There are 2 protein chains.
Amino acid sequence: MSVPISVSPVVPAQPQVAQCCAPLQTTTLGAQEAAELAARFAALGDPVRLRLLSLLATSTHGAVCACDLVEPVGKSQPTVSHHLKILREAGLVTSERRGTNVWYAAVPAAIESLRQTLAAGS
Amino acid sequence: MSVPISVSPVVPAQPQVAQCCAPLQTTTLGAQEAAELAARFAALGDPVRLRLLSLLATSTHGAVCACDLVEPVGKSQPTVSHHLKILREAGLVTSERRGTNVWYAAVPAAIESLRQTLAAGS
DNA sequence: CCTTAGTATCGACGTTTGTCGATGGAGTGC
DNA sequence: GCACTCCATCGACAAACGTCGATACTAAGG
């Protein structure tokens with residue numbers, strides 16, 4: 001379990017997921033745009049990943065130790081690690097090593113980017 | 001192909017996808033909430049479906065004949081039909097028979113619902 | 001060192017998914 | 001009725017996915 005010592009706000013700024021695509025309702029998606037976008041939505045297409053992301057996004061500290069993510073979602077440690085990797089590769093989450101532990105944090109900008117893709121056309 | 005005759009705005013109002021879940025960043029998702037949400041995001045997690053939805057959402061008529069959706073995405077007719085079914089079951093799209101053809105339309109409210117799930121927490 | 005705790009990776013397994021050709025059903029027009 | 005078009009469903013197949021136990025790796029502490 002994570003030790004609550006020296007808790008400085010851990011919210012590592014991140015490479016930024018470039019705004020890949022215009023809103024769905026503005027332009028018809030090209031094949032490549034669609035592929036990139038789909039990959040990111042697919043990352044949200046799993047209950048466990050959604051719960052993980054939710055846990056990170058609601059964290060008051062801005063980040064959560066991986067060790068504190070296993071029990072809440074009720075899956076094995078390897079499975080949780082696997083899902084965190086997918087979220088990280090989708091740019092929705094960042095990780096930072098702190099000694100033995102790894103702290104994960106949500107990337108608000110990436111979520112916002114996805115959100116804008118669903119924005120209504122005016 | 002669809003015949004452009006008697007084009008009255010075809011936008012059948014729909015059962016409404018109830019606002020399933022609070023924003024990710026507000027409350028930590030329960031198992032069931034996460035499952036429902038994930039199912040809807042998963043519907044967006046495929047390039048073909050994303051392009052289909054994009055085609056529908058950008059349609060000036062508000063709806064598109066299924067026959068006009070096959071060629072743009074470059075997949076076989078059964079495959080397109082399959083994806084349209086998934087979008088329909090996710091509540092993102094509606095279908096309406098018009099003679100031999102079936103017209104599909106995006107459901108803005110469902111998309112907006114998903115969008116709000118990604119909303120930042122103030 | 002050696003042990004211990006926290007993570008990531010590997011290998012394997014069953015399930016789900018995307019895809020297509022073939023087929024069936026619904027509707028139109030002759 | 002018959003032929004034709006459009007669409008959905010079926011059956012099959014390969015690929016991708018979610019899951020776990022076992023294992024390797026990394027960092028801290030005796």
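A, B, ... follow the sequence lines: proteins, then strands. Residue 1 opens every chain. Predicted model only: the values in this text are computed from it and were never measured.
- Distances shorter than 4.0 Å separate some side-chain N or O of A/N101 from OP1 or OP2 on C/dT7.
- Side-chain contact of B/R40 with B/S113: a donor-acceptor pair under 3.5 Å is present, judged by distance alone.
- Using a 4.5 Å heavy-atom threshold, the side chains of B/L55 and B/P72 count as touching.
- Minimum atom distance to the side chain of B/T100 is reached by D/dC6, of the listed C/dA5, D/dA8, D/dC6.
- Side-chain contact between B/L69 and B/V64 is present, with at least one heavy-atom pair separated by less than 4.5 Å.
- Under the 4.5 Å side-chain heavy-atom criterion for Ile, Leu, Val, Met, Phe, Trp and Tyr, A/I86 and A/L53 are members of distinct hydrophobic clusters.
- The local environment of CD in B/Q116 is crowded, with over 12 non-hydrogen atoms from other residues, nucleotides or ligands closer than 6.0 Å.
- Distance check: B/C67 SG to B/N101 CG gives 5.0 Å after rounding to the nearest 0.5 Å.
- Look at CG on B/L50: it is 15 Å from C1' on C/dG18, rounded to the nearest Å.
- Side-chain contact check for B/T27 versus A/T58: every heavy-atom pair is 4.5 Å or farther apart.
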Sugar-phosphate atoms are those with a prime plus P, OP1 and OP2; base atoms are the rest. Using that split, label each nucleotide of nucleotides 10-19 of chain D B, S or - for protein heavy atoms under 4.0 Å, 5' to 3'.
-> --------SB
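- Nucleotides of DNA chain D nearest to A/Q77 and A/R97 differ in position, and the one nearer the 5' end is that of A/Q77.
- Taking the nucleotide of DNA chain D with the nearest heavy atom to each of A/V80 and B/V70, the more 5' of the two is matched to B/V70.
- C/dG27 atom P lies 17 Å from atom CH2 of B/W103, rounded to whole Å.
- Across the protein-nucleic acid pair, B/L87 atom CG and D/dA8 atom C1' stand 15 Å apart, rounded to whole Å.
- Across the protein-nucleic acid pair, B/E89 atom CD and C/dG18 atom P stand 12 Å apart, rounded to whole Å.
- When the side-chain nitrogen and oxygen atoms of A/Y104 are compared with OP1 and OP2 of C/dG6, none of them lie within a distance under 4.0 Å.
- In this entry the distance linking CZ of B/R98 with C1' of C/dA26 reads 17 Å, nearest Å.
- B/L84 has its CG atom 14 Å from the C1' atom of D/dT9, to the nearest Å.
- One atom, CZ of B/R88, and another, C1' of D/dT9, lie 12 Å apart when rounded to the nearest Å.
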